[in-house]
Amino acid sequence: MTALVFWQQHKITQKQRNLLNGHGSGVVWFTGLSGSGKSTLAGALEEALYQRQVRTYLLDGDNLRHGLCVDLGFSEKDRTESLRRAGEVASLMSESGLLVLAAFVSPLRSQREQLKEQIGKENFLEIHVATSLEECERRDVKGLYARARSGELTGMTGISAPYESPVQADLRLHTESDSMEKSVAALLQLLEEKGWLPVW
Ligand SMILES: Nc1ncnc2c1ncn2[C@@H]1O[C@H](COP(=O)(O)OS(=O)(=O)O)[C@@H](OP(=O)(O)O)[C@H]1O
Ligand SMILES: Nc1ncnc2c1ncn2[C@@H]1O[C@H](COP(=O)(O)OP(=O)(O)O)[C@@H](O)[C@H]1O
């Protein structure tokens, strides 16, 4: 069958937008159990970047599920589709020149590999928020673990659905031993090494 849609190559590139902004762009992808600290750390990093005059956007799984992914649940198939959509949005935002922070459980290695492919390895940093299940359950920020233990909630990541830790994350954060400030400093250093921060 002959193709019906064609890729339109436009003139202004990501690199040119980066030059205009004075900083690089890409996707900083936070993965970890519910309650591990993804949103908190991504939010703290975004504040630090704002102070450095870096243009950002924070994509949060919980928020996207109110709109773009409202039709999807938490089966493996639905999670994979939700992550694919989030990956497309993150990729477009990164191309547009933003430094995108993405906070999603993204539980399976195959899903994260897919995201890396979709977004492009050079535009992607994988951050593992490596908080133990015991600690996430102790925090139980949203009461989901209690509901999962009582049997009211099925398919809860870490309890009745799998979480596969990254083997080679670009950075692993330990919220049980390290302060938020220390984690944000490590993230900023990684972004500096990647060349995404302003040079001034
Ligand atoms: N079964 C189950 N498992 C895990 N999480 C659940 C579940 N049901 C609802 N929630 C809430 O949904 C948030 C995770 O959404 P994500 O889009 O990040 O998940 S995923 O990447 O598609 O796995 C997650 O947000 P965070 O706690 O911020 O991780 C929960 O608030
Ligand atoms: N060092 C730390 N870094 C990040 N979060 C921490 C830390 N210590 C305690 N917390 C707490 O852990 C909880 C993490 O919740 P949240 O950021 O919503 O996690 P997630 O987005 O992964 O579900 C918050 O209540 C936060 O205050």
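Remember, it's a predicted structure, so these values are computed and weren't measured experimentally. Both backbone and side-chain heavy atoms feed into the values below; hydrogens, waters and symmetry mates do not. In each ligand, atom 1 is the first atom listed, and ligand 1 is the first ligand listed.
With hydrogens left out, the protein atom closest to atom 21 (O) of ligand 1 is Ser106 N, 2.8 Å, a heavy atom. Among protein heavy atoms, atom 9 (C) of ligand 2 sits closest to Arg139 NH2, 3.7 Å. Looking only at protein heavy atoms, the nearest one to atom 2 (C) of ligand 2 is Thr175 CB, 3.6 Å. Annotation: atom 19 (O) of ligand 1 to nearest protein heavy atom, Val105 CB, 3.8 Å. Among all non-hydrogen protein atoms, the one lying nearest atom 15 (O) of ligand 1 is Arg65 NE, 3.3 Å. Remark: minimum distance from atom 24 (C) of ligand 1 to any protein heavy atom is reached at Asp62 OD1, 3.9 Å. What sits closest to atom 26 (P) of ligand 1 on the protein, heavy atoms only, is Lys142 NZ, 3.1 Å. Ranking the protein heavy atoms by distance from atom 19 (O) of ligand 2 puts Gly37 N, 3.1 Å first. Among all non-hydrogen protein atoms, the one lying nearest atom 1 (N) of ligand 2 is Asp178 O, 3.1 Å. For atom 17 (O) of ligand 2, the nearest protein heavy atom (residue, atom name, distance) is Thr40 OG1, 2.4 Å. In this structure, the protein non-hydrogen atom closest to atom 23 (O) of ligand 2 is Gly35 N, 2.7 Å. Summary of contacts: the protein heavy atom closest to atom 25 (O) of ligand 2 is Val141 CG2, 4.0 Å. Thr157 OG1, 3.4 Å is the protein heavy atom nearest to atom 4 (C) of ligand 1. Annotation: atom 5 (N) of ligand 1 to nearest protein heavy atom, Phe74 CE2, 3.9 Å. Protein heavy atom in closest approach to atom 29 (O) of ligand 1: Lys38 NZ, 2.8 Å.
Within 6.0 Å of the CD atom in Gln168, the count of heavy atoms belonging to other residues, nucleotides or ligands does not exceed 12. Heavy-atom neighbours of Glu164 CD from other residues, nucleotides or ligands within 6.0 Å: above the threshold of 12. Taking a 6.0 Å sphere around OH of Tyr57, one finds it holds 12 or fewer heavy atoms contributed by other residues, nucleotides or ligands.
Contact check on Arg17 versus Glu95 returns no salt bridge, with no Lys/Arg side-chain nitrogen under 4.0 Å from an Asp/Glu carboxylate oxygen. Residues Glu88 and Arg85 are not paired through a salt bridge, judged by the lack of any N-O separation under 4.0 Å between the basic side chain and the carboxylate.
The other members of the hydrophobic cluster of Val184, by chain and number, are Val28, Phe30, Leu41, Leu45, Leu49, Val54, Leu58, Leu99, Leu101, Leu125, Ile127, Val129, Leu171, Leu173, Met180, Leu187, Leu188, Leu190, Leu191, Trp196, Leu197 (side-chain heavy atoms under 4.5 Å, ILVMFWY only).
Under the 3.5 Å distance criterion, with hydrogens and angles disregarded, no donor-acceptor pair is assigned to the side chains of Tyr145 and Ser34. For the residue pair Glu46/Thr56, the side-chain donor-acceptor check at 3.5 Å is satisfied. Looking only at atom types and distance, the side chain of Thr13 has a donor-acceptor partner in the side chain of Gln16 under 3.5 Å away. Side-chain polar atoms of Thr154 and Ser160 form no donor-acceptor pair below 3.5 angstrom. Under 3.5 Å, the side chains of Arg55 and Ser25 contain no donor-acceptor pair of N or O atoms. Donor-acceptor pairing under 3.5 Å is lacking for the side chains of Gln51 and Glu47.
Set against the non-hydrogen atoms of Gly61, the atoms of ligand 1 under 4.0 Å away are 17 (O), 18 (O). Close approach of ligand 1 to Leu144 (heavy-atom distance below 4.0 Å) involves ligand atoms 10 (N), 11 (C), 30 (C), 31 (O). Numbered from 1 in the order shown, with element, the atoms of ligand 1 that lie under 4.0 Å from a heavy atom of Ser34 read 26 (P), 27 (O), 29 (O). Ligand 1 places these atoms under 4.0 Å from at least one heavy atom of Phe104: 17 (O), 18 (O), 21 (O).
Side-chain heavy atoms closer than 4.5 Å link hydrophobic residues (I, L, V, M, F, W, Y) into clusters, and following such links, even through other members, never connects Leu72 to Val89.
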Might you work through the side-chain hydrogen bond (donor to acceptor under 3.5 Å, both in side chains) test for Arg139 and Ser36, ending with a clear yes or no?
CA-CA 9 Å; Arg139 292 178 187 167; Ser36 57; over 6 Å; no
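For ligand 1, the polar-atom distance check against Gly155 finds a nitrogen or oxygen pair separated by under 3.5 Å. Of the polar atoms of Arg79, at least one N or O is found under 3.5 Å from an N or O of ligand 1, judged by distance alone. Polar contact check, Asp60 against ligand 1: no nitrogen or oxygen pair lies under 3.5 Å apart. Between Lys38 and ligand 2, an N or O atom pair is found at a separation short of 3.5 Å.
Comparing Ala103, Ala44, Ser183, Ser39 by heavy-atom distance to atom 18 (O) of ligand 2, the nearest is Ser39.
Sorted by first and then second residue, the salt bridge (charged side-chain N to carboxylate O under 4.0 Å, His left out) pairs involving residues 174-192 (not counting sequence neighbours) are Asp178-Lys182.
By the criterion of a heavy-atom distance under 4.0 Å, the backbone of Leu33, and not its side chain, is placed next to ligand 2.
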